[in-house]
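Take a look at the structure below.
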Amino acid sequence: MALYSEKVMDHFRNPRNVGVLEDADGVGEVGNPVCGDIMKIYLKIENEIIVDVKFETFGCGSAIASSSMATELIKGKPLSEALKLTNKAVTEALDGLPPQKLHCSVLAEEAIKKAVKDYYDKQGIAYDHALFRECDDCAHCGKTCGP
């Protein structure tokens, strides 16, 4: 049995939406200090729709494939839908990832959320901080995230 699905290999070998959007409306960057993966997502947004998305990823094949698939899943979608994208959905769309590589799909989810949050912050749009919770300790970040 192969360690990686054909979809993972395809998105690794032929990643979609690679690059930088110089005029991005929102940018999200995340990293995993344990494995060293770094992921950056750029969003171009019009009327609350993601009209373009690009990514830069420094990392393993699973990180690149997760970034590529995640961008495909949110392109053309409303921000509200992009915020609902989970790492599980990314993993399922790739026909699975090895257990030790699931963190790559988590990075993709987190990078998208950070990019949307960046857009909201730049536009002065109010939002529910719980959508962007980065930790379980609200006292840590100083925001009111709710229960």
Side-chain angles (χ1 to χ4, degrees), residues 1-136 140-141 143 145:
M1 182 174 106
L3 184 61
Y4 296 105
S5 71
E6 285 298 317
K7 281 189 182 177
V8 171
M9 294 307 296
D10 181 41
H11 278 268
F12 167 62
R13 291 184 181 128
N14 307 293
R16 283 66 152 181
N17 307 307
V18 175
V20 175
L21 287 173
E22 295 296 337
D23 60 344
D25 296 307
V27 179
E29 184 172 356
V30 295
N32 183 321
V34 175
C35 69
D37 293 339
I38 300 170
M39 199 174 287
K40 195 168 189 177
I41 300 276
Y42 302 85
L43 301 177
K44 186 69 180 166
I45 300 162
E46 293 177 11
N47 300 317
E48 299 297 304
I49 304 291
I50 299 170
V51 295
D52 200 4
V53 57
K54 300 284 186 204
F55 79 91
E56 293 179 297
T57 294
F58 176 82
C60 66
S62 294
I64 293 166
S66 292
S67 302
S68 175
M69 180 57 81
T71 61
E72 287 287 281
L73 292 170
I74 65 168
K75 194 171 192 175
K77 302 286 195 274
L79 291 175
S80 58
E81 249 183 81
L83 285 172
K84 293 177 186 172
L85 183 71
T86 64
N87 70 299
K88 183 177 179 185
V90 173
T91 300
E92 288 173 358
L94 288 169
D95 292 336
L97 286 170
Q100 67 272 25
K101 294 295 182 176
L102 289 176
H103 68 277
C104 296
S105 63
V106 172
L107 285 176
E109 176 187 343
E110 290 174 348
I112 289 167
K113 286 184 177 175
K114 277 200 170 192
V116 172
K117 181 182 180 300
D118 181 54
Y119 167 73
Y120 286 161
D121 287 341
K122 286 177 179 174
Q123 298 300 313
I125 298 171
Y127 54 85
D128 179 358
H129 288 277
L131 292 172
F132 305 101
R133 186 180 230 165
E134 295 181 25
C135 64
D136 290 330
H140 172 75
C141 66
K143 295 187 172 80
C145 298

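We number each residue from 1, following the sequence as shown. If you're wondering where the values come from, they're calculated on a predicted model, not measured in any experiment.
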- Is there a donor-acceptor pair under 3.5 Å between the side chain of S5 and the backbone N or O of L94?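 Side chain of S5 to backbone of L94: a pair is present.
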- Task: Could you check if a side-chain atom of E6 sits within less than 4.5 angstrom of a side-chain atom of D95, using non-hydrogen atoms only?
- Result: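 No, too far: nothing below the 4.5 Å cut-off.
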- Query: How about T57 and M39: do any of their side-chain heavy atoms sit closer than 4.5 Å?
  - Reply: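 Yes, at least one pair of side-chain atoms sits under 4.5 Å.
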What are the two closest non-hydrogen atoms of [X] and [Y], and how far apart are they?
X: L102; Y: N87; result: O-ND2, 4.5 Å
X: L131; Y: L83; result: CD1-CD1, 4.2 Å
X: C60; Y: K101; result: SG-NZ, 3.5 Å
X: V90; Y: S66; result: CG1-O, 3.8 Å
X: F55; Y: P15; result: CZ-CB, 3.9 Å
X: V18; Y: K54; result: O-CD, 3.8 Å

- By side-chain hydrogen bond (donor to acceptor under 3.5 Å, both in side chains), which residues pair with E48, not counting sequence neighbours?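 Partners of E48 by the side-chain hydrogen bond (donor to acceptor under 3.5 Å, both in side chains) criterion, ordered by chain and then number, come out as Y119.
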- Message: Restricting to side-chain hydrogen bond (donor to acceptor under 3.5 Å, both in side chains), what partner residues turn up for S62, sequence neighbours left out?
- Response: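 Testing S62 for side-chain hydrogen bond (donor to acceptor under 3.5 Å, both in side chains), a comparison that skips the adjacent residues, returns none.
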- Query: In terms of side-chain geometry, is the basic nitrogen of E110 or K114 positioned less than 4.0 Å from the acidic oxygen of its partner?
  - Reply: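 Between K114 and E110 there is no salt bridge, as every charged N stays at least 4.0 Å from the carboxylate O atoms.
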- Query: Do N17 and T71 get their side chains close enough for a donor-acceptor pair, meaning under 3.5 Å?
  - Reply: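 Result is yes, a qualifying pair exists.
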- Query: Between Y42 and E22, is any side-chain donor less than 3.5 angstrom from a side-chain acceptor?
  - Reply: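 No, because no side-chain N or O of Y42 sits under 3.5 Å from a partner of the opposite role on E22.
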For the atom pair [atom1] ([X]) and [atom2] ([Y]), what is the distance rounded to the nearest 0.5 Å?
X: L85; Y: S105; atom1: CG; atom2: OG; answer: 9.5 Å
X: L73; Y: K84; atom1: CG; atom2: NZ; answer: 15.0 Å
X: I49; Y: I74; atom1: CD1; atom2: CD1; answer: 12.0 Å
X: L79; Y: K117; atom1: CG; atom2: NZ; answer: 14.5 Å
X: N32; Y: H103; atom1: CG; atom2: NE2; answer: 5.0 Å
X: K75; Y: I50; atom1: NZ; atom2: CD1; answer: 11.0 Å

- Derivation and outcome, side chain to side chain contact (heavy atoms under 4.5 Å, CB included), residues D23 and K44: CA-CA 7 Å; D23 60 344; K44 186 69 180 166; 3.5 Å; yes
Report the residues that fulfil side chain to side chain contact (heavy atoms under 4.5 Å, CB included) with [X], sequence neighbours left out, ordered by chain and then residue number.
X: F12; answer: M9, I64
X: K122; answer: D118
X: D10; answer: N14, R16

- Task: Test E109 against T86 for side chain to side chain contact (heavy atoms under 4.5 Å, CB included), laying out the working first.
- Result: CA-CA 6 Å; E109 176 187 343; T86 64; 4.2 Å; yes
- Message: Set out, in order, the CA-CA distance, both residues' side-chain angles and the distance that settles side chain to side chain contact (heavy atoms under 4.5 Å, CB included) for L43 and V53, then state yes or no.
- Response: CA-CA 5 Å; L43 301 177; V53 57; 3.6 Å; yes
- Item | Residue list, ring pair (Phe, Tyr, Trp, His ring centres under 6.0 Å) with Y120, at least two apart or on another chain |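 Scan of Y120 (ring pair (Phe, Tyr, Trp, His ring centres under 6.0 Å), adjacent residues dropped) gives Y127.
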- Query: For Q100, does the CD atom sit with more than 12 other heavy atoms under 6.0 Å from it, leaving out its own atoms?
  - Reply: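 Count over threshold, so yes.
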